[in-house]
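Positions are given from 1, in the same order as the sequence printed here. No experiment lies behind these values; they were computed from the predicted model shown.
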Amino acid sequence: MEFLYNVFVFLHFASWALVFGGSIASLRTKALYKGVSHGAMGAVVAGVIMVGIAEMAGLWDDGGPSMAKIGVKLIIALAVAVLAVIAVRKGENVSQGLKGSVLGLTLVNIVVAVFWN
């Protein structure tokens, strides 16, 4: 089970890297890259599966992250996914503020993951 958990950790990290990199790369374009919304949705799904596997297999019996942290990260991730989907559907009419909010919330999610113990 630990191997499967680690596979989803990798997918989660790769998805967030896609969101972060795609958001930065699209700041100079008129549209948000479609990969950003796919990465955001992939990160949400992989994160939920990670938590489920860890809870089922008892991988976090020694403490693990708090459920408050998991909840905050889920809410932020869902907000990023929704904003990214909205931005992609707008096509060429995406404001810089919307793209910046996707990037900013992605950074907030990373900061929460790293610094909330």
Side-chain angles (χ1 to χ4, degrees):
M1 252 338 194
E2 191 171 348
F3 175 77
L4 187 60
Y5 174 79
N6 288 334
V7 167
F8 281 102
V9 169
F10 171 77
L11 290 174
H12 187 69
F13 288 167
S15 296
W16 280 121
L18 180 62
V19 174
F20 184 70
S23 296
I24 289 175
S26 68
L27 286 178
R28 292 193 165 206
T29 64
K30 291 183 178 181
L32 186 70
Y33 294 132
K34 290 181 182 177
V36 174
S37 66
H38 293 270
M41 290 183 284
V44 170
V45 170
V48 169
I49 292 172
M50 277 171 39
V51 171
I53 290 172
E55 288 292 322
M56 271 191 319
L59 297 177
W60 292 345
D61 287 345
D62 61 343
S66 71
M67 285 299 129
K69 174 183 176 178
I70 300 297
V72 168
K73 283 185 53 60
L74 178 61
I75 290 169
I76 295 170
L78 287 172
V80 170
V82 167
L83 290 174
V85 168
I86 290 170
V88 167
R89 286 191 179 173
K90 284 189 170 197
E92 298 284 324
N93 299 326
V94 180
S95 69
Q96 290 292 74
L98 182 55
K99 290 191 282 187
S101 63
V102 170
L103 179 60
L105 284 173
T106 300
L107 285 173
V108 168
N109 206 5
I110 293 168
V111 167
V112 168
V114 171
F115 292 108
W116 187 341
N117 291 323

Side chains of Thr29 and Lys99: does their closest heavy-atom pair fall under 4.5 Å? yes
Would Ile70 end up clustered with Val9 when hydrophobic side chains under 4.5 Å apart are linked, directly or stepwise? yes
To the nearest 0.5 Å, atom CZ of Phe10 lies from atom CE of Met50 at 13.0 Å
With a 3.5 Å distance limit and no angle check, can you tell me whether Ser66 reaches the backbone of Lys69 through a side-chain donor-acceptor pair? yes
Would you confirm whether Lys90, through its side chain, and Leu32, through its main-chain N or O, come within 3.5 Å as a donor-acceptor pair? no
Crowding at CD, Gln96 (>12 non-hydrogen neighbours, <6.0 Å): yes
ILVMFWY network linking Leu83 to Ile76, side-chain heavy atoms under 4.5 angstrom: yes
Between Val108 and Val72, is there a shared hydrophobic cluster once you connect ILVMFWY residues whose side-chain heavy atoms come closer than 4.5 Å? yes
Test item: Trp116 and Val111 side chains (from C-beta on) under 4.5 Å apart, heavy atoms: no
Could you check if a side-chain atom of Val51 sits within less than 4.5 angstrom of a side-chain atom of Trp60, using non-hydrogen atoms only? yes
So if you build clusters from Ile, Leu, Val, Met, Phe, Trp, Tyr with side-chain heavy-atom gaps below 4.5 Å, do Val112 and Val19 land together? yes
If every non-hydrogen atom of Lys73 is compared with every non-hydrogen atom of Ala113, which pair is closest and at what distance? NZ-CB, 3.6 Å
Measure across Ser23 and Val102 and return the closest heavy-atom pair with its distance rounded to 0.1 Å. OG-CG1, 3.5 Å
Reported CG-to-CG distance for the pair Leu59 and Asn6, which is rounded to 0.5 angstrom: 8.5 Å
Find the distance between CZ (Phe3) and CZ (Phe8) and round it off to the nearest 0.5 Å. 10.5 Å
Closest contact, heavy atoms only, Tyr33 versus Val88: O-CG2, 3.8 Å
For a quick test of reading the model, state the closest non-hydrogen atom pair linking Ala31 to Ser26 and the distance between them. O-CB, 3.5 Å
May I ask you to test the Asn109-Val80 pair for a side-chain heavy-atom distance under 4.5 Å? no
Of all the heavy-atom pairs spanning His12 and Ala43, show the shortest one and how long it is. ND1-O, 3.0 Å
Kindly give the heavy-atom pair with the smallest separation between Ser15 and Gly42, and that separation in Å. OG-C, 3.7 Å
Counting only heavy atoms not in Lys34 (residues, nucleotides, ligands), do more than 12 fall under 6.0 Å from its NZ? no
Are Ile75 and Met67 connected in a single hydrophobic cluster, I mean Ile/Leu/Val/Met/Phe/Trp/Tyr linked by side-chain heavy atoms less than 4.5 Å apart? no
